[in-house]
**Q** 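Quick one: the structure is below, questions incoming.
In the text below, chain A, chain B and the rest are named by the order of the sequence lines, each starting its count at 1. As a basis for the values below, the full set of heavy atoms in this structure was taken, side chains included, without hydrogen atoms, waters or symmetry mates.
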Amino acid sequence: MPVEYREEFDALERACQERWERARASAAPVRPQGRKFYCLEMLPYPSGRLHMGHVRNYAIGDAVARFNRMRGFQVLHPMGWDSFGLPAENAAIKHGIHPARWTNENIAAMAAQLRRLGLSYDWEREIAAHRPEYYRWNQWFFLKMLERDLAYRSRRWVNWCSSCRTVLANEQVEAGRCWRCDSLVGRKELEQWFLRITRYAEELDAELDRLPGWPERVRAMQRNWIGKSQGALVRFPILDGPGQARAGALEVFTTRLDTIFGATFCVVAPGHPILASLPDGSPEKARVRAFEERAARRDVSRAGAEPEEKEGVDTGLRAQNPFSRERVPIWVANFVLMEYGTGAIMAVPAHDERDHEFARKYALPIRTVVVPPGSGQAAAAPQPAMVEDGVLVDSGEASGRTSAEARLILLRRGEEGGFATGTVRYRILDWGISRQRYWGTPIPVLYCDGCGVVPVPEADLPVVLPEDAPLTGEGGSPLAQVASFVNAPCPRCRRPARRETDTMDTFFDSSWYFYRYCDPRNDKAAFDPAIVGGWLPIDLYVGGITHATMHLIYCRFFAKVLRDIGLLERGEPIRNLLCQGMVLKGGTAMSKSKGNIVDPDDMVRRYGADTTRLFTLFAAPPEKDLEWNEKGVEGCFRFLEKIWRLVMPRASTLAAMALPAPRDGAEEPRLAALRRKVHQTIERVSVDVQKRLHLNTPVAAIMELLNATQEFERSATPKDGPYLKEACVTMALLLHPFAPHISEALWSALGGQGSVAEQPWPGADAGWLKEEQAEVVVQVNGRLRGRLVVPASLPEAEVLERARGDARLGALLAGRPVRKTIYLPGKLLNIVLE
RNA sequence: GCGAAAGUGGCGGAACUGGCAGACGCGCCGGACUUAGGAUCCGGUGGGGAAACCCAUGAGGGUUCGAAUCCCUCCUUUCGCACCA
């Protein structure tokens, strides 16, 4: 009695994994020769336990990696750890475990889980962000950016999470709440290090159009985030204010210069510098100050929430519309943002909803200057605002022109007059990277009373994170309390200086790790550009959609910086991006709080790695959410059991046989049908994985082949052996990307030499893909009326004759003139009657 | 509101360039083997109809010999952005 799969899978999978490891089956060469494929999955945070989202992510990547290895590519498929960050520090505060120990133990546990899944990583390239030999290059990149004025220090209002006691990037604030702990985000003013990502805003935006291998929604999200908008800066001279006349001008940004003759007032944001010019002691100043204080208070908890009621006060300042020469009031109001544009706007209530709402509330004038094309002069103010482009009225020389023309005409005039400039603005802000945290990369600068900000010399890198910082969760940066770290001589003057005590945002770590994988043990440089040049770009990057705007913008920014430094050839590191869907249970994401977690270890114990992986691939296409279904898992397990039961009892017999010659069996329908199915399956699996990146349909195709082979086997005689063998061997090969362990067992049982992983991917024989006897679908007036089995090459006229000869079809066609026919050879005949 | 994606059996999903709707799996129904079956194997399974046929891919229209697929209008869901001037 042969061994059942149920009893065998665990030992079998472990044995395979040991063999692969011993044989270094997944090791990539230093430099690829010939065709290369860089297959990458997003760097995980070592939380300590794998979840199903990880398993799905890695099963997808591994299927693609194994497939391409068999296709003869040299595949780089690495894995590592995004091992700096808050949870390690929180664990230290809560349980008194040192972050390093916690992190290392978690890495060991998760690496063991990954190994048990049989993922084909080149573990010799493993990296971890918290190791000095890695983060030293963070520091080196930071120094390079400092040299190029891409890193700078600035005092700025930042998002402050009082629970995590740290600064958050805008991207880390979701609807006014901390992306990790979900508590309300406040504001605080701090000296921060920034990276000048805005210098690359234009390129980051423009190149989105040249990333055809990226999902449209990710590109849309990035476009939105970068927020490019074309417009003009217009200077409104200040005419007078409370108590006195004054010089100067208010600069506003607008994308609707065509509406400028309708600008009946200006609005500045709270905190706008012009407000400081109000004379102390004036009632206007008091009014404005009171308003600003109210606005600032509200700002703290409302960031990202619903827009609030528009409010403002008249500053008493008056400016002149440089186009219409009209005198307009300047207001301060809560709906204008200091962070965007110039922090000041011209308000055109007739043609902007927000301005309209504000003007109604405070009874400010509303003047129509754009009307829909074809309508005459509009007298009354539109209600609500008419925001679309149209034709201008009451706008001087631009009257009668379209909005688009008017924008050009007015801009030219403004430029000639010296009061307007065409410009482009971006919503994206510079990337604040300072974190008041311990478990991160120390920022390599010192502060010297004599020399100011002094970078740590390259030769002194890495600035190593001290081990003994007090982690209490209170106070500012833990490093500030480590005297032996803080106090260091100034590299320039040698006098006592203080080290920077903030650490880097961990997105810095993950912005360049995929270069390091190419050259992971280099201790002279972050990487050798020649080696990286051979492997990049990443041919497939698989990860969650959650990183669409943060990680995936930062790493594009890094690529451009590294290109400009001369380390990279290209500024876009990722050719194809696959954002896999979430793994759900009961319609929602698995989470501890919902108690709906499915434990990967548990699945592997009960069904094995192959089944667990197979289910995550089979149940849904990669980019869609996947609903976990235990019955579906059992279905996948049954599939592997069936193939096992088909092959194993016959394996030794089949192993002794030869495969059939290329055209053998062509005359006998049973044999031909099986061979055709074999080759059609090869074709389907190959095309779906390679061209469409669909992994559920290839699995389904192999299941079909199994069903066909089982049926064939039931009526098989000993002389059918070679054909049965061909089907079984093909299944063993095709299955390898999806269920690699069982494929090895089937392969060697069938007499295969070496590992399946080393076999060339089977090619479909074109001769078997063509059906010789084709089933032609016959339609009458576009409706399905019958089928005919005919030789595939039969001419149209004869197919029509046979249709007439068919009892049922003949009856339908009899006596009715044919207007025309449409014939797809071997597939379909549509007979259109009068 | 703006942007993106998606609506197909009881469920997950398939249908590549417009050409047999529902592959494959789950579930369900029936049968075989069995002391038993929640194991295994075989058969069936969109709806209506005795049948010929008819109806059916969110709704309605259109293009076409032919539409799940293309076009228009609308509805719903998910995601992202949201006072960005």
Side-chain angles (χ1 to χ4, degrees), chain A residues 4 6 174-175 215-225 227-229 231 252-256 259 267 269 304-310 333-337 339-348 352-355 357-358 387 425-428 545-546 548-549 581-582 614-615 618-621 623-636 638-639 641-642 645 684 687-688 691-692 694 696-707 710-711 714 775-787 808 811 819-824 827-833:
Chain A
E4 286 284 330
R6 192 173 290 277
E174 294 165 352
E216 179 53 40
R217 67 180 162 148
V218 174
R219 289 189 285 166
M221 281 161 78
Q222 294 210 353
R223 215 171 271 125
N224 207 310
W225 190 260
K228 178 177 179 175
S229 74
V252 304
F253 175 67
T254 179
T255 57
R256 291 299 305 275
T259 64
V267 188
E306 278 287 289
E308 59 194 324
E309 171 83 15
K310 291 182 179 35
N334 60 351
F335 72 96
V336 175
L337 309 174
E339 299 84 36
Y340 185 77
T342 61
I345 62 159
M346 63 177 209
V348 185
D352 182 282
E353 275 162 20
R354 297 150 303 176
D355 300 348
E357 188 188 330
F358 192 77
V387 297
R425 292 279 134 154
Y426 302 90
R427 199 176 315 171
I428 192 171
I545 186 74
T546 39
T549 46
M582 291 188 300
L614 199 60
F615 176 73
F618 176 65
E623 67 278 4
K624 283 189 68 170
D625 286 351
L626 182 153
E627 175 68 31
W628 196 264
N629 173 5
E630 186 91 20
K631 293 285 191 196
V633 179
E634 285 172 16
C636 288
R638 264 200 299 274
F639 163 60
E641 278 189 309
K642 279 192 231 173
R645 280 188 204 132
R684 272 180 70 187
V687 168
D688 280 4
K691 298 222 175 77
R692 303 205 301 162
H694 277 209
N696 53 333
T697 45
V699 175
I702 301 169
M703 288 175 171
E704 277 188 59
L705 177 57
L706 172 64
N707 293 343
Q710 276 183 322
E711 203 177 317
R714 251 175 258 140
E775 190 181 60
V776 174
V777 172
V778 182
Q779 297 180 335
V780 177
N781 290 336
R783 306 194 68 110
L784 178 67
R785 286 296 182 252
R787 295 150 205 274
R808 193 168 143 223
R819 183 149 62 96
K820 70 177 196 177
T821 56
I822 291 102
Y823 184 58
L824 275 76
K827 282 183 88 174
L828 176 137
L829 176 70
N830 187 10
I831 304 161
V832 185
L833 302 173

**Q** Counting heavy atoms not belonging to A/E216, are there more than 12 under 6.0 Å from its CD?
**A** yes

**Q** Please report the shortest heavy-atom distance between A/Q222 and A/A548, naming the atom on each side.
**A** NE2-O, 2.9 Å

**Q** When the distance from NZ of A/K624 to C1' of B/A5 is rounded to whole Å, what number comes out?
**A** 10 Å

**Q** Quantified in whole Å, what is the C1' atom distance between nucleotide B/G46 and nucleotide B/A23?
**A** 15 Å

**Q** Could you tell me how far B/U69 sits from B/A15 if I compare only their P atoms? Round to whole Å.
**A** 15 Å

**Q** Would you kindly give the CG-to-C1' distance between A/D625 and B/A5, to the nearest whole Å?
**A** 12 Å

**Q** Without swapping roles, check the side chain of A/D625 against the backbone of A/M582 for a donor-acceptor pair under 3.5 Å.
**A** yes

**Q** NA contact type, A/P215, heavy-atom cut-off 4.0 Å: base, sugar-phosphate, or nothing?
**A** nothing

**Q** Starting at the 5' end of nucleotides 19-28 of chain B, put B wherever the base has a protein heavy atom under 4.0 Å, S where only the sugar-phosphate does, and a dash everywhere else.
**A** BBS-BBSSS-

**Q** What does A/S229 touch in the nucleic acid at a heavy-atom separation under 4.0 angstrom: a base, only the sugar-phosphate, or nothing?
**A** sugar-phosphate

**Q** Could you check A/N830, A/V777, A/L828, A/V778 and say which one makes a side chain to side chain contact (heavy atoms under 4.5 Å, CB included) with A/L784?
**A** A/V777

**Q** Quickly work out the A/D352 CG to B/C83 C1' distance and round it to whole Å.
**A** 9 Å

**Q** Kindly label the base of B/G18 as syn or anti, based on whether its glycosidic torsion lies within 90° of 0.
**A** anti

**Q** When the nearest nucleotide of RNA chain B is assigned to A/Q710 and to A/F253 on a heavy-atom basis, which residue is associated with the more 5' position?
**A** A/Q710

**Q** Counting the atoms with a prime plus P, OP1 and OP2 as sugar-phosphate, which does A/R645 contact under 4.0 Å by heavy atoms, base, sugar-phosphate, or nothing?
**A** sugar-phosphate

**Q** Determine the contact category for A/R783: base if any of its heavy atoms lies under 4.0 Å from a base atom, sugar-phosphate if only primed atoms, P, OP1 or OP2 are that close, otherwise nothing.
**A** sugar-phosphate

**Q** Give the rounded distance in Å between these two atoms: CD of A/E353 and P of B/G1.
**A** 11 Å

**Q** Where each residue is assigned the nucleotide of RNA chain B containing its nearest heavy atom, which of A/E641 and A/V687 is assigned the position nearer the 5′ end?
**A** A/V687

**Q** Within the 4.0 Å heavy-atom criterion, would you say A/R6 contacts the bases, only the backbone, or no part of the nucleic acid?
**A** nothing

**Q** Could you spell out the base pairing of RNA chain B in dot-bracket, with Watson-Crick or G-U pairs whose two distances are under 3.5 Å, [ ] crossing and | to another strand?
**A** (((((((..(((......[....)))((((((.......))))))(((....)))..(((((..]....))))))))))))....

**Q** Suppose you measure atom P in B/U8 against the same atom in B/U77; what distance do you get, rounded to whole Å?
**A** 14 Å

**Q** For A/R714 and B/C42, is the shortest distance between a side-chain N/O and OP1 or OP2 below 4.0 Å?
**A** yes

**Q** Taking any heavy-atom pair under 4.0 Å as a contact, classify A/V336: base, sugar-phosphate, or nothing.
**A** base

**Q** Would you verify whether the NZ or CZ of A/K310 falls within 45 degrees of the ring axis of A/F335 while also being under 6.0 Å from that six-membered ring's centre?
**A** yes

**Q** Suppose you measure atom C1' in B/A50 against the same atom in B/G10; what distance do you get, rounded to whole Å?
**A** 27 Å

**Q** Contact class for A/R692 (heavy atom, under 4.0 Å): base, sugar-phosphate, or nothing?
**A** sugar-phosphate

**Q** Between B/G66 atom P and A/K820 atom NZ, what is the distance in whole Å?
**A** 9 Å

**Q** Once rounded to the nearest 0.5 Å, what's the spacing between atom CD1 of A/I345 and atom CZ of A/R256?
**A** 13.5 Å

**Q** Say we look at B/G12 and B/G7: how far apart would their C1' atoms be, to the nearest angstrom?
**A** 15 Å

**Q** Under a 4.0 Å N-O cut-off, is there an ion pair linking A/E339 with A/R427?
**A** no

**Q** Of the non-hydrogen atoms in A/G343 and A/V336, which two are nearest, and what is the gap between them?
**A** O-CG1, 3.6 Å

**Q** Would you mind reading off the distance between A/R217 atom CZ and B/A6 atom P, rounded to a whole angstrom?
**A** 10 Å

**Q** Find the distance between CZ (A/R692) and OG1 (A/T697) and round it off to the nearest 0.5 Å.
**A** 5.5 Å

**Q** Rounded at 0.5 Å granularity, tell me how far OG1 in A/T342 sits from CZ in A/R425.
**A** 7.0 Å

**Q** In whole angstrom, give me the gap between the C1' atoms of B/A51 and B/C33.
**A** 37 Å

**Q** Report the distance from atom NZ of A/K228 to atom C1' of B/C81, rounded to the nearest whole Å.
**A** 19 Å

**Q** Taking the same atom, P, in B/C71 and in B/A5, what whole-Å distance lies between them?
**A** 12 Å

**Q** How far, in whole Å, is B/G62 from B/A68 if one measures between their P atoms?
**A** 15 Å

**Q** More than 12 non-hydrogen atoms from neighbouring residues, nucleotides or ligands closer than 6.0 Å to CD on A/Q710, yes or no?
**A** yes

**Q** To the closest 0.5 Å, what do you measure between CZ (A/F618) and CE (A/M703)?
**A** 4.0 Å

**Q** Whole-Å distance between B/C2 P and A/M221 CE?
**A** 19 Å

**Q** Is the distance from OP1 or OP2 of B/C54 to the nearest side-chain N or O of A/R785 less than 4.0 Å?
**A** yes

